[in-house]
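Just so you know, these numbers come straight off a predicted model, no measurement behind them.
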Amino acid sequence: MPVEYNVVIADTTCFIILSKIDKLQILKQLFTTITTTETVAKEFGQPLPTWIIIHSEKDTYYKDILEVEVDKGEASAIALAFEFEKPLLILDDLKARKLAEKLHLNYIGTFGILLKAKEIGVIEAIKPLLKEIQLTNFRFSESMLKEILSIAGE
């Protein structure tokens, strides 16, 4: 993957989904290092791999303002993004993605991560991973499944 971003900042959902299907290493294969916040690390609730950098956002006031619109983890990730040039956020929550868009921040979701992983050969197919995700408590629509598989050519 070409280096397009100086930092990749993940929210909790991506960690949860990928860890439930034992595929957290996909993030490392795509980005080498991932940054997250202490808030996200606490929300995740288990130790993160050492290649995930835990960074505290400096502007806690801004984070508090963002919490009016999104949850604490998403607010901390978005606030941290403003401390870097060329950040990429990994966000799955629709409200958080809309807020990132409104703030002109680049973002990708977990399914976008899987598509990119297939595109560059980190994984061979997305369908088996989506089937595994469906067996967890993470829910997505049948139309979303069909759209992702279509984009992936599966």
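Grouping Ile, Leu, Val, Met, Phe, Trp and Tyr by side-chain contacts under 4.5 Å, direct or through others, puts Val70 with Val7, Ile9, Tyr62, Leu66, Ile78, Leu80, Phe82, Phe84, Leu89, Leu91, Leu99, Leu103, Leu105, Tyr107.
The backbone N or O of Lys146 sits nowhere less than 3.5 Å from a side-chain atom of Ser150 that would complete a donor-acceptor pair. At least one donor-acceptor pair under 3.5 Å links the side chain of Glu154 to the backbone N or O of Lys127.
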Stepwise side-chain contact (heavy atoms from CB on, under 4.5 Å) test for Glu119 and Leu115: CA-CA 6 Å; Glu119 179 184 315; Leu115 287 166; over 6 Å; no
Criterion side-chain contact (heavy atoms from CB on, under 4.5 Å) on Asn137 and Lys20, from CA distance to verdict: CA-CA 10 Å; Asn137 63 348; Lys20 283 186 176 188; 2.4 Å; yes
side-chain contact (heavy atoms from CB on, under 4.5 Å) between Leu129 and Ile21: does it pass, once the steps are laid out? CA-CA 7 Å; Leu129 300 181; Ile21 63 168; 4.2 Å; yes
Hey, mind stepping through Arg97 and Glu101 against salt bridge (charged side-chain N to carboxylate O under 4.0 Å, His left out) and telling me if it holds? CA-CA 6 Å; Arg97 292 164 74 105; Glu101 197 167 306; over 6 Å; no
Please report the C-alpha distance between Phe140 and Gln134 in whole Å, then the side-chain angles of each, then the deciding distance to 0.1 Å, and finally whether the side-chain contact (heavy atoms from CB on, under 4.5 Å) criterion is met. CA-CA 8 Å; Phe140 56 95; Gln134 284 181 316; 3.5 Å; yes
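The shortest heavy-atom contact between Ser56 and Glu38 is OG-OE2, 2.6 Å. Of all heavy-atom pairs between Val40 and Ala10, the closest is CG1-O, 3.8 Å. Leu48 and Ala41 get closest at one heavy-atom pair: CD1-CB, 3.9 Å. Smallest separation of non-hydrogen atoms from Trp51 and Leu24: CH2-O, 3.4 Å. The heavy-atom pair separating Gly109 from Ile90 by the smallest distance is C-CG2, 4.4 Å. Of all heavy-atom pairs between Ala152 and Ile126, the closest is CB-CD1, 3.7 Å.
Using a 4.5 Å heavy-atom cutoff, the side chains of Ile52 and Thr33 are not in contact. Annotation: side chain of Ile133 is in contact with side chain of Leu114 (closest heavy-atom distance under 4.5 Å). With contacts defined as side-chain heavy-atom distances shorter than 4.5 Å, the pair Pro87/Asn6 does not qualify. Within the 4.5 Å cutoff, side-chain heavy atoms of Thr110 are placed close to those of Leu18. Contact of the Leu130 side chain with the Phe111 side chain is registered, since non-hydrogen atoms from C-beta on lie closer than 4.5 Å. Contact check for Leu145 versus Lys131: side-chain heavy atoms found under the 4.5 Å cut-off. Taking 4.5 Å as the limit, some side-chain heavy atom of Glu69 sits within range of a side-chain heavy atom of Lys102. A heavy-atom distance below 4.5 Å is found between the side chains of Gln29 and Ile26.
Ile53 and Leu30 are assigned to two separate hydrophobic clusters, defined by single-linkage of ILVMFWY side chains at heavy-atom distances under 4.5 Å.
A 6.0 Å sphere centred on NZ of Lys72 holds no more than 12 heavy atoms belonging to other residues, nucleotides or ligands. When the shell of 6.0 Å around CD of Gln46 is examined, it contains more than 12 heavy atoms from other residues, nucleotides or ligands. Counting heavy-atom neighbours within 6.0 Å of Lys118 NZ, excluding the residue itself, gives a total above 12.
Interatomic distance, CG of Leu27 versus SG of Cys14, reported as 4.5 Å (0.5 Å rounding). Here the CD1-NZ distance, from Ile54 to Lys42, works out to 10.0 Å after rounding to the nearest 0.5 Å. A distance of 9.5 Å separates NZ of Lys95 from CG of Asp71, quoted to the nearest 0.5 Å. Between Glu74 atom CD and Thr39 atom OG1 the span is 11.5 Å, to the nearest 0.5 Å. Taking OG1 of Thr36 as the start and NE2 of His55 as the end, the distance is 11.5 Å to the nearest 0.5 Å.
In this model, no donor atom of one side chain and acceptor atom of the other lie less than 3.5 Å apart for Lys86 and Asn106.
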